[in-house]
There are 2 protein chains.
Amino acid sequence: MKRYTLEEIGKLAGVSRATVSRVINHYPHIRPEIRERVEAVIAQTGFQPNAVARSLVSSRTNIVGLIIPSTVEEVFTDPYYAYVINGISQSCNTNGLILSLFLIHSLEEERNVIQAVVGTGLVDGLIITASRRNREMLATLLASQLPIVFIGQPDNDTNTHYVDVDNVSGGYLATEHLISLGYENIGIIVSYMNKSGEARLDGYKRALNDHGLPFSEDLVAYGDYSLESGYHAMKQLIKRKPQAVFATNDTMAFGAIRALKEAGLRVPEDIAIIGFDDLPSAQRSENPALSTIHQPIQQTGLDAVELLLKVVNGEVQKAQHQSFRQRWLFAKAAAHLERLAREAKNTATS
Amino acid sequence: MKRYTLEEIGKLAGVSRATVSRVINHYPHIRPEIRERVEAVIAQTGFQPNAVARSLVSSRTNIVGLIIPSTVEEVFTDPYYAYVINGISQSCNTNGLILSLFLIHSLEEERNVIQAVVGTGLVDGLIITASRRNREMLATLLASQLPIVFIGQPDNDTNTHYVDVDNVSGGYLATEHLISLGYENIGIIVSYMNKSGEARLDGYKRALNDHGLPFSEDLVAYGDYSLESGYHAMKQLIKRKPQAVFATNDTMAFGAIRALKEAGLRVPEDIAIIGFDDLPSAQRSENPALSTIHQPIQQTGLDAVELLLKVVNGEVQKAQHQSFRQRWLFAKAAAHLERLAREAKNTATS
DNA sequence: CTAAATATTGAGAGCGCTCTCAAGGTAGAG
DNA sequence: CTCTACCTTGAGAGCGCTCTCAATATTTAG
């Protein structure tokens, strides 16, 4: 398929380059017959304007970059990212944007990639998952003036745009759910990877407090959102004999469940578990069915693109913009599970 | 951070635009003192040449597109894609390429996206997963003359470049493994989604044949590589009372196992299962531990980029290039599993 | 019917870079 | 010391497009 230029199309249609450009960009004030003639040539040749040339003059590439500064392992272990990517991709397709994906495999790579992405003007803006605390990267990025939207609250308090779920409410809901089932000695597995962990922990504390339950550091174990970390955290928590445990993401919840099984404990008869994310694997999991807090991950990706687009277009006031989403749902915790849990409270004693 | 141009850097260093360009592109024949002077200015200003302008003149964007023409569901259900993406991303980072990801969410979107990607000259080349049979898309792509490398043999016999694992050997190995364990009545769950299914089925048939076992259509069930399809295929196969089943990917194997559990059958005591892919979830799975054929998925992604790069650089002869990989390993099928299987053969009768 | 307003089009500059070409320098050969 | 060969640099064209500006064509008001 031959590549045409505006000039050539113009020649074929008997008009100038400029007129063809006008037709393509839907300018008003073009004589209908000329428009038709040009459109006919375009249709016949299959002409599409060169994106690079367009970008050069308009200084807009219509490319948005997605940076996921997690280790490789996480991106696989945690289906969370598949959802984020998908949401973003979908929104890009809808908005005529192109998605460039930057997975970071090492710290050195991080530096290089960020440098290149920021410096060469290839992307109009950046979406970054707040997977990990990283102040160095943040500094470079903010200095670049490039429009950026974070997914999840980033680890700094400057005025950055971000899209996030309401982690405090989420933590609160999860904990309250367990309390409502009659548990009093409730453990929590928190991630220290980013702010979301703190926030969910905060919700946990508040729920305990609101229901007159004491908070104890002993019942807090830490993980990094990975299956393994959930497993180890649970092993540690078992010693404290909690009646129930709130794992701050589903992946750690699965790790925790494995630890419990290994210890010969039944879930939820001996120890109840609630997760966070509502991943499909959680929805499908049986033996036991996992209760979990729904997080509209995919929607978050969509919103991030929309927000970024606004930032790029300068439609957002200078003040930092924080878009919260709080559509919280309990995952379909099977009814029988709740029944079991209720029975469990009668037998389990700390 | 101010954006500089070559011209400005030149002025600051007291040389012409052209000289700065030469320094950046490491041309020989530059007086050392001038080179140093220019490099100093570059370092001090943090100048990086504008990628778009570069692309315009060199007609090379250094962007490679990855098209995954699967339904959304698949991309999540099957961690396979996470690995492919990661391999490609890694290789891109190493080679100074930028990865653009195109997830296709609908057929209409497919048409639009492909059209845009192919027509606007934004990518230097394309990597496409042969997830689904799709001749329409293939036709457009081949007509475009754009360098393309498929991952997995595409559904046509024209001269397209592709990187693939040796599916026939894989199917052969899996089946032979089951045969070596003493099973004779071996079922198979095949995907009809792309050629890989046929090839794995072919390997299965050959293995049966080489070991003097009959092939029966009755023992073949079909799926689409999804968990659900594995589940349903197994339900169907159960009626034929196979002693063992070869699921042509791990995800379907998990579905099959679920079906067996539901039917009150033990794995592998009552029916043995072998998978294909060697996903980490398979490696980690217990209850039962899943035997599986290792597929170097990530490596495939790396190879695809390398090959594409060669094609783009015109280093590949016109003849189609087919790069096979056959590093086959049995996944660590726990020894006890094999023992169990061996015992099972004594009890299980068709 | 004429002037003013508006519609329609092309010429040309320029986005930031690469690359060719030619000019001026410098060094080695004769 | 002169000639040739190579080194070193800048000027300028041009990648394909957008957009301003000015010129021409058409319409409307008076």
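In what follows, chains carry the letters A, B, and so on, assigned in the order in which the sequence lines appear, proteins first and then strands, with residues in each chain numbered from 1. Please read these numbers as outputs of a predicted model, since none were measured by experiment.
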*Identify, residue by residue, the members of residues 12-33 of chain A with a heavy atom below 4.0 Å from DNA chain C, and return them in order of residue number, or none.*
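Per residue number, the list reads A/V15, A/S16, A/R17, A/A18, A/T19, A/R22, A/H29, A/I30, A/R31.
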
*Set of side chain to side chain contact (heavy atoms under 4.5 Å, CB included) partners for B/S16, sequence neighbours left out*: B/A18, B/T19

*Would you grab the first and last nucleotide of DNA chain C (5' to 3') that comes under 4.0 Å of any non-hydrogen atom in chain B?*
C/dG16 to C/dT20

*With distance as the sole criterion, is a donor-acceptor pair present between the side chains of B/Q298 and B/Q90 under 3.5 Å?*
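A donor-acceptor contact under 3.5 Å links the two side chains.
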
*Using distance alone, with no hydrogens and no angle criterion, decide if B/Q153 and B/D164 have a side-chain donor and acceptor under 3.5 Å apart.*
no

*asked:* One pair to check against salt bridge (charged side-chain N to carboxylate O under 4.0 Å, His left out): B/K2 and B/E8. What are the steps and the verdict?
replied: CA-CA 11 Å; B/K2 181 180 176 336; B/E8 294 172 319; 3.3 Å; yes

*Using heavy atoms to find the nearest nucleotide of DNA chain C for A/I34 and B/T5 separately, return the residue whose nucleotide is more 5′.*
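Counting from the 5' end, the first nearest nucleotide belongs to A/I34.
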
_On a heavy-atom basis, which atom in B/L308 and which in B/V64 lie closest, and how many Å separate them?_
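Closest approach of B/L308 to B/V64, heavy atoms only: CD2-CB, 4.0 Å.
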
Measuring only between side-chain heavy atoms, which start at C-beta, is [X] closer than 4.5 Å to [Y]?
{"X": "A/I88", "Y": "A/I127", "answer": "yes"}
{"X": "B/N62", "Y": "B/L97", "answer": "yes"}
{"X": "B/L307", "Y": "B/Y162", "answer": "no"}

